[in-house]
Amino acid sequence: MAPTFDCLLLTQPQDDVWLITIDRPKALNALNKALLTSLSQAFQWLDALPTTKVILLTGNGDKAFVAGADVVAMQAMTALEARDFSHLGMALMHQIEACSAPVIALVNGYCLGGGCELALSCDYILASENAVFSQPEVSLGITPGFGGTQRLARYIGKGNAMQWILTGDRISAQDALKLTLCHQVLSPSELLKGGLAQAEKIAKNAPQAVRFAKQLIHQGLNLSLHDGCQLETERFALSFTTQDQTEGMAAFAERRPARFSHQ
Ligand code: COA
């Protein structure tokens, strides 16, 4: 049975697919230290389960995915406390990127500040039509602190990141789609179904190959093209030592669906 985590609901909507629902309704799921810690513990638990093939992350209710880092908690922070808070958030974002299973953010409603940084650390984002994305930190007298300036510039380009972060503008789901910040826009009632459809497709593929591909994309983003391609060659070769490769290619030759097992 799955353990419980403060302010999170953990469910398994399909075999091998887990759904983490952030559940702190009184603060529109704002991220405080306790919630960041709970999220880290939940990801650690799921990552250690050999059967986890896909993780979906969403917010409870239809109003907010996450309305930011907790402004009430941040108001009284000293610079040293703020640094610790940033380290905690940064560590979670790195942990999600390093999690072996793909993580898909299902953004339902406000996705602001730290919430947007959380969504950005997931492997990709599906948004509901009522999603609102923003990095409004400069209006509060601070900078983003969970990696927003770095990931946004890498993912949507320098000019888009500059305009977005410096103006603090709110962006609709459709505009986020144009920026390729999110990859699909669905009605609020279809968002989970859309996430599960993606998860089902991923879960049908070879689990070790999916993990390798996720790692390659993340690691390659921090490397030169040449070094990234070298890494790909090594991982490509390594994949020929896996049961995934044996089964995947045997199934092709025998004209039958592959039956991949957990590794
Ligand atoms: N941190 C802490 N509490 C938050 C929060 C946050 N980031 N976002 C919302 N809340 C709390 C509100 O203080 C309020 O609590 P209260 O009922 O005890 O007063 C509750 O959540 C509901 O929010 P409210 O502002 O009443 O809802 P709304 O529909 O009028 O507005 C938002 C929703 C998201 C537009 C508004 O809450 C907001 O601007 N939040 C802050 C967003 C932000 O700056 N995030 C980035 C932080 S880096």
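These numbers were taken from a predicted model, which means no experiment stands behind them. Just so you know, ligand 1 is whichever comes first in the structure, and atom 1 is the first atom listed for that ligand.
A salt bridge does not link Glu200 with Lys193: none of the charged nitrogens is closer than 4.0 Å to a carboxylate oxygen.
For atom 42 (C) of ligand 1, the protein comes within 4.0 Å by at least one heavy atom. For atom 1 (N) of ligand 1, the protein comes within 4.0 Å by at least one heavy atom. Protein heavy atoms are absent from the space less than 4.0 angstrom from atom 12 (C) of ligand 1. Distance screen at 4.0 Å: atom 19 (O) of ligand 1 has no protein heavy-atom neighbour inside the cut-off. In this structure, atom 15 (O) of ligand 1 is in close contact with the protein, since a protein heavy atom lies within 4.0 Å of it. For atom 4 (C) of ligand 1, the protein comes within 4.0 Å by at least one heavy atom. Within the 4.0 angstrom cut-off, atom 25 (O) of ligand 1 has no protein heavy-atom neighbours. In this structure, atom 30 (O) of ligand 1 is not in close contact with the protein, since no protein heavy atom lies within 4.0 Å of it.
Within 6.0 Å of CD in Gln75 there are 12 or fewer heavy atoms belonging to other residues, nucleotides or ligands. Enclosure of atom CD in Gln95 by more than 12 non-hydrogen atoms of other residues, nucleotides or ligands within 6.0 angstrom is indicated. Other residues, nucleotides and ligands contribute only 12 or fewer heavy atoms inside 6.0 Å of the CG atom of Asp62. Counted within 6.0 Å of CE on Met162, heavy atoms from surrounding residues, nucleotides or ligands total 12 or fewer; the atom is thus considered open.
If you check which protein heavy atom lies closest to atom 37 (O) of ligand 1, you get Leu28 CD1, 4.0 Å. Closest to atom 38 (C) of ligand 1 among all protein heavy atoms lies Leu112 CD1, 4.7 Å. Among protein heavy atoms, the minimum distance from atom 45 (N) of ligand 1 is reached at Ala67 O, 3.0 Å. In terms of protein heavy atoms, atom 46 (C) of ligand 1 is closest to Pro136 CG, 3.7 Å. The protein atom (non-hydrogen) at minimum distance from atom 10 (N) of ligand 1 is Ala27 O, 3.7 Å. When only non-hydrogen protein atoms are considered, atom 6 (C) of ligand 1 lies nearest to Ala30 CB, 3.5 Å.
Heavy-atom separations between Arg170 and ligand 1 include at least one value shorter than 4.0 Å. Residue Lys26 places a heavy atom less than 4.0 Å from ligand 1.
Classification of the Phe133-Trp164 ring pair by plane angle, with boundaries at 30° and 60°, yields tilted.
Inspection of the Asp6 and Ser38 side chains reveals no N or O donor paired with an N or O acceptor under 3.5 Å. Between the side chains of Ser100 and Asp47, a donor-acceptor pair is found at a separation under 3.5 Å. In this structure, a donor-acceptor pair under 3.5 Å is absent between the side chains of Thr21 and Asp23.
Close approach of ligand 1 to Tyr110 (heavy-atom distance below 4.0 Å) involves ligand atoms 33 (C), 34 (C), 35 (C).
Residue Phe65 forms a side chain to side chain contact (heavy atoms under 4.5 Å, CB included) with just one option from Asn29, Leu57, Leu28, and that option is Leu57. Only one option out of Arg151, Gln219, Gln215 pairs with Glu97 in a side chain to side chain donor-acceptor pair (under 3.5 Å); it is Arg151.
Backbone and side-chain nitrogen or oxygen atoms of Ala69 are examined, and one is located within less than 3.5 angstrom of a nitrogen or oxygen of ligand 1. Note: an N/O pair closer than 3.5 Å links Val71 and ligand 1 by distance alone.
Among Glu117, Lys63, Gln75, Glu137, the residue whose heavy atom sits closest to atom 27 (O) of ligand 1 is Lys63.
With hydrogens and angles ignored, the 3.5 Å screen pairs a side-chain donor or acceptor of Lys214 with a backbone N or O of Cys99. In this structure a side-chain-to-backbone donor-acceptor pair under 3.5 Å is present from Glu117 to Phe146.
When heavy-atom distances to ligand 1 are checked against a 4.0 Å cut-off, Leu140 comes that close only through its side chain, counted from C-beta outward.
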